[in-house]
Every structure is written in C-alpha cells, then in structure tokens.
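See structure below.
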Amino acid sequence: VKEFELIDRLIPLLPGNKETLVGPGDDCAVLDVGVPGKLLLFKTDAVVEGVHFTQDDGWGRIGRKAISRALSDIAAMAGEPLSALVTLGLPSDFDFERVKDIYQGIQERAAMFGVSVSGGEAVRSTQGVFLSISMVGWVPQGRLLLRKNMRPADALFVTGDLGGSRSGKHLDFIPRIEQAKWLADRFEIHALMDVSDGLAGDLQRLREASGLGIELLSEAIPVSKEAKKAAQQGGASALNRALSDGEDFELLFTVPASVAVALLDAWKERFPDLKLSCIGKVVPEKEIRILSRTGRFTNLDCHGYDHFQ
Ligand SMILES: [Mg+2]
C-alpha cells in the first residue's frame with residue numbers, strides 16, 4: 001500500500017469533533033480552541049534514518065531538517081509557529097554527544113522562529129534513528145488558505161527553485177514562514193501549500209482537494225541549478241527533476257490572475273533574493289497538463305513528465 005493510499009483508507013476511521021475545523025487532508029489541522037481572533041494549527045512530521053537522512057548527513061543538520069519540515073507546514077497555512085514536542089527513537093548503544101548535536105540543530109531553527117520545545121520523549125528503536133516533531137502554531141481567525149480554495153482562472157505561483165534538493169537543500173532549507181505571512185497579509189491568496197513531495201505530486205493534492213485542474217507552462221518552472229547539474233550526468237531531465245524530486249519546501253499558491261503583476265512587483269521589492277515564478281493557471285477540467293516549448297500539452301501524473309514521452 002502506497003503512502004497516500006494508506007492515508008485515504010485511514011481517514012474514514014478518524015474521529016472528529018466540533019472544535020476541529022480542518023482535519024486530515026491539508027498541511028496542518030485547524031482547531032478552534034476558543035481564543036478570540038485566533039485558530040490553532042496542529043501538525044506532526046517524522047524523519048527516519050535510511051528514508052529521509054543518513055548518518056553521513058550530520059546529526060545537527062538532521063535535527064534541523066526534522067523541525068524545519070514541521071515549520072514548513074505551518075508556513076503552508078501562513079501561520080505563526082508556537083511550540084514543538086520532540087519524540088526521538090534511538091538504538092540502545094547511541095552516543096549521547098550525537099543526541100546533543102540533534103538537539104542543537106533543533107534549537108537553532110526553533111530559535112530562528114521564536115518556537116519553544118515544550119517537551120517530548122526518547123524511546124528505544126531497534127532499527128536506526130527516527131525523529132518525530134509535533135508542532136502547534138496560530139493563524140488569525142478567517143485566514144484559512146486551504147488547498148480546496150483554489151478557483152478557476154487563478155494564477156499559480158511557486159517560490160524559489162525546484163529539484164535537486166538531495167544535494168543539500170533538503171537538510172539546510174529555511175522554512176518560508178516570513179514569506180507566507182507577508183503574502184497572506186497583503187494579497188488575496190486562495191490556496192496555499194508547501195512543495196514537499198515534488199511539484200507534480202503536490203499539484204495532484206491540489207487537484208484532489210479542489211476538484212479543479214492546472215495548466216503548467218514548462219518554460220516557467222524554476223529549475224534549480226542542482227537539478228540541471230544532475231541531469232547533465234544522465235538519467236531524468238532537469239525539468240522532470242524539478243517536477244518530481246521532492247523535498248523543495250517552497251510555497252505553492254494561487255491568487256486571482258488580476259493581482260499577479262502587482263504581486264510580482266511587490267515581491268521583488270520585499271524579497272529580492274528569492275525567486276517568485278508564475279508557473280500556470282487553474283482550469284475547470286480536473287487534469288494537470290503541462291504545455292511544452294513546442295506548444296504541445298501533456299498530461300502529468302505524480303511522477304512528473306518524462307515517462308510519458
Ligand atoms: Mg505540507
């Protein structure tokens with residue numbers, strides 16, 4: 001059973017209550033805990049040795065990555081992170097100095113965003129190290145930038161560059177908390193999410209949540225120099241790496257097409273060092289299609305592009 005299939009099968013089994021405004025299926029759960037003007041964001045995310053990192057990555061960076069992933073999901077709701085719990089699974093012979101390095105990495109990113117680590121636990125693991133971070137944050141009442149909220153004819157934007165994150169970005173990225181809040185404060189954002197599974201896969205999540213489709217312009221997709229470099233060594237094309245490598249942790253969002261130009265102008269002024277690209281538009285047909293340089297449309301699935309050629 002694939003991860004997303006598994007989740008689809010589990011969702012009907014999950015209980016809700018009247019305080020849970022948004023349950024599974026978005027970047028964070030949203031809870032109304034009775035605080036005037038605010039809603040609580042709630043998230044959990046795990047990294048596992050051999051799946052998300054190897055020992056060679058360095059323990060400090062692994063800690064940093066683990067908490068940054070949860071922060072990226074708070075950013076994907078344009079939220080303000082508040083506090084985290086850490087569950088650490090360790091083999092019985094694990095060296096305490098390494099545990100300290102992991103926590104140093106966590107502490108570094110937490111401090112950057114004013115997040116406390118308010119508890120957690122350590123458990124014994126029989127198969128390598130794992131690290132699970134749960135996080136809460138706030139979002140102003142009325143600001144629900146959910147995936148299902150995208151609308152036909154919206155312009156689709158993505159921050160930064162995509163692909164090739166395995167060469168280091170997946171460990172060192174800075175969650176787009178500041179950028180997401182800035183966007184939500186100033187512009188009518190319809191749908192917002194972070195790119196974690198690769199653009200092609202995450203577009204499928206938008207499609208499923210909204211019942212709408214997307215037309216991408218292949219030439220507008222910001223391909224990272226790491227993806228271009230990897231493509232020169234053979235295998236998948238740079239474009240397909242940008243579509244399907246994953247772990248980019250950039251922001252993906254839609255706005256009314258009428259504000260696209262004003263948004264690009266304001267962004268350039270505020271974040272001159274971070275690219276913002278308009279990569280396509282929302283369409284009523286429930287498909288993800290990509291328009292090639294030669295003017296040909298190809299359907300895209302969650303694996304990207306090349307295998308259709
Ligand atoms: Mg996410």
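Just so it is clear, the values below take in all heavy atoms, side chains as well, and ignore hydrogens, waters and symmetry mates. This chain uses plain numbering: 1 for the first residue, then up along the sequence. Numbering of ligands and ligand atoms starts at 1, following listing order.
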Legend entry - D202 N/O/S atom closer than 2.8 Å to the Mg ion (ligand 1): no

Inset, instruction - Return yes if some donor-acceptor pair links the side-chain N/O of S224 with the main-chain N/O of G163 below 3.5 Å, else return no. - result: yes

Inset, instruction - Give the name of the N/O/S atom in D194 that lies closest to the Mg ion (ligand 1). - result: OD1

Legend entry - Distance flag, aromatic centroids of W182 and F271, threshold under 6.0 Å: yes

Inset, instruction - Look at the side chain of K169 and the backbone N and O of E226, then say whether any donor-acceptor pair between them is shorter than 3.5 Å. - result: no

Legend entry - D27, N/O/S atom nearest the Mg ion (ligand 1): OD1

Legend entry - Of the N, O or S atoms in D73, the one nearest the Mg ion (ligand 1): OD1

Inset, instruction - For the residue pair F249 and F173, categorise the inter-ring angle as parallel (less than 30°), tilted (30 to 60°) or perpendicular (more than 60°). - result: parallel

